[in-house]
Amino acid sequence: MTSVFDSIDSTVFRSYCFWCAALVIKMLVMSVLTGLKRHAKKAFANPEDAKVNKVKVVNNDPDVERVRRAHLNDLENIPLFFAIGFLYILTGPSVSLAVNLFRIVGISRIVHTLVYAVVVIPQPARGLAWMGAYFPTWYMAVKVLLAFI
Amino acid sequence: MTSVFDSIDSTVFRSYCFWCAALVIKMLVMSVLTGLKRHAKKAFANPEDAKVNKVKVVNNDPDVERVRRAHLNDLENIPLFFAIGFLYILTGPSVSLAVNLFRIVGISRIVHTLVYAVVVIPQPARGLAWMGAYFPTWYMAVKVLLAFI
Amino acid sequence: MTSVFDSIDSTVFRSYCFWCAALVIKMLVMSVLTGLKRHAKKAFANPEDAKVNKVKVVNNDPDVERVRRAHLNDLENIPLFFAIGFLYILTGPSVSLAVNLFRIVGISRIVHTLVYAVVVIPQPARGLAWMGAYFPTWYMAVKVLLAFI
């Protein structure tokens with residue numbers, strides 16, 4: 001019996017898995033980064049956490065909010081890659097194109113975090129890093145849409 | 001050798017892929033929409049962006065916040081569909097039911113964005129559009145839960 | 001013809017599907033919880049909703065914000081599990097280890113919501129529940145990264 005997954009190229013699939021795992025780890029690190037900033041700035045969003053640290057609730061610390069914006073931007077973009085990257089593989093793309101798209105998305109999102117929330121670098125650094133994942137995601141989504149219309 | 005994916009119906013799977021791609025594109029458009037509103041209203045959340053535009057940081061512009069609430073509502077609902085829609089296919093649902101569920105979820109989420117963030121239409125428009133994706137997602141989740149308990 | 005999915009163990013996969021469905025349902029419940037709190041406290045974020053209820057827009061009700069923080073924490077963690085849990089299965093883990101990891105993640109995230117947003121319990125309850133999903137997700141991500149490097 002054959003399945004829709006029989007045609008998956010193993011090089012492409014391995015690359016997808018690798019970059020998914022790398023981006024999952026990158027997103028997990030955001031939680032640590034937020035926690036570190038909250039402790040460094042004594043800026044806690046939960047009354048129970050503020051109480052333990054004997055401070056008042058702070059919801060507008062600029063450093064904490066910067067990390068949270070970077071994290072939210074991840075949430076807006078990276079799960080889309082998890083979903084569409086997988087379906088894109090099923091459209092039978094060229095191996096080198098697919099592997100390079102995954103690589104560009106993965107590296108761009110890592111750079112995005114670095115220039116947004118770790119060492120703040122003036123624009124267009126953040127914008128370019130964002131585009132590096134955004135446009136490949138668009139491309140993959142359009143390919144999937146057309147393949148399964 | 002057989003796999004758990006051998007039984008996937010190709011009509012159902014194609015419909016799933018199509019609507020996933022459509023919703024990925026819909027979510028990608030939210031970023032453009034947010035960017036357009038930020039520029040139109042000169043309301044930037046990042047100091048470096050505000051500086052380039054020679055304005056102060058604004059975090060409470062009602063039009064920008066509306067688009068962001070619509071986007072957040074997407075984040076709360078659409079990735080759940082990506083995950084549970086895929087697993088629901090593996091429960092061997094009726095083809096027409098599954099295809100119609102995917103269609104209702106996809107169209108509802110697109111309408112939700114239109115009435116929430118593009119042309120604001122009074123309630124219950126937004127509520128109904130939200131339910132159109134919410135209840136089918138519940139149904140699929142319960143079916144998956146019962147199938148794999 | 002063989003596919004990358006042929007080696008999936010069905011016990012592990014069923015456990016994955018079950019916990020994904022349970023967590024999708026858990027996240028869907030967050031929307032109900034937010035809605036209930038908004039109505040109980042008359043704290044609506046949308047002008048059109050506030051108007052229907054004849055109140056002003058309220059964006060800082062502590063009970064509503066608590067549920068929203070719990071929900072956001074779900075968004076930061078649970079979709080990562082959906083993605084990496086699936087890929088982790090493909091690395092051919094021991095059945096009992098994989099099933100227990102999925103169980104720990106699932107139960108931890110449910111407990112996290114209960115102690116964060118339903119019955120507020122002092123720390124370290126929330127922190128421990130969060131770790132119960134966080135560290136297994138890290139473990140799975142590293143395993144996938146190393147398997148597909």
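Keep in mind that the numbers below use all heavy atoms, side chains included, and drop hydrogens, waters and symmetry copies. Within every chain, numbering begins at 1; the chains are lettered A, B, ... in the order of the sequence lines, protein sequences first and strands thereafter.
Heavy-atom contacts from other residues, nucleotides or ligands closer than 6.0 Å to NZ of B:Lys41 number more than 12. Atom CZ of C:Arg38 has more than 12 heavy atoms from other residues, nucleotides or ligands within 6.0 Å.
Going from atom CZ of C:Phe13 over to atom CG of B:Leu87 covers 6.0 Å, rounded to the nearest 0.5 Å. From C:Phe82, atom CZ reaches atom CD1 of B:Ile84 across 7.0 Å, with rounding to the nearest 0.5 Å. How far CH2 of C:Trp19 is from CZ of B:Phe148: 15.5 Å, rounded to the nearest 0.5 Å. Here the CD-CG distance, from B:Gln123 to C:Asn46, works out to 7.5 Å after rounding to the nearest 0.5 Å. Interatomic distance, B:Leu80 CG to C:Lys26 NZ, rounded to the nearest 0.5 Å: 10.0 Å. Between B:Leu145 atom CG and C:Cys17 atom SG the span is 10.5 Å, to the nearest 0.5 Å.
Across all their heavy atoms, B:Trp138 and C:Val29 have their closest contact at CZ2-CG2, 3.9 Å. Here the closest heavy-atom approach between residue C:Ala21 and residue B:Ala141 is recorded as CB-O, 3.5 Å.
B:Tyr88 does not touch chain C: none of its heavy atoms, backbone or side chain, sits under 4.5 Å away. For chain B, no part of C:Asn59 is nearby; none of its heavy atoms comes within less than 4.5 Å. The contact between C:Leu75 and chain B is made entirely by side chain atoms (from C-beta outward), counting heavy-atom distances below 4.5 Å. With a 4.5 Å cut-off on non-hydrogen atoms, B:Ile149 touches chain C through its backbone and its side chain both. Looking at B:Val120, only its side chain comes within 4.5 Å of chain C, counting heavy atoms on both sides. Heavy atoms of B:Phe81 lying under 4.5 Å from chain C are absent altogether. Heavy-atom distances place no part of C:Ala83 under 4.5 Å from chain B, backbone and side chain included.
Taking the charged nitrogens against the carboxylate oxygens, B:Arg66 and C:Glu48 do have a contact shorter than 4.0 Å, which makes a salt bridge.
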C:Phe18 vs B:Leu146, side chain to side chain contact (heavy atoms under 4.5 Å, CB included): CA-CA, chis, key distance, verdict: CA-CA 8 Å; C:Phe18 173 80; B:Leu146 297 177; over 6 Å; no
Side chain to side chain contact (heavy atoms under 4.5 Å, CB included) between B:Glu76 and C:His71, worked out: CA-CA 8 Å; B:Glu76 291 170 1; C:His71 202 170; 3.5 Å; yes
Worked verdict on C:Arg14 versus B:Leu90 for side chain to side chain contact (heavy atoms under 4.5 Å, CB included): CA-CA 10 Å; C:Arg14 291 180 76 87; B:Leu90 305 177; over 6 Å; no
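Chain B forms the most heavy-atom pairs under 4.5 Å with one residue out of C:Ala45, C:Pro47, C:Pro79, and that residue is C:Ala45.
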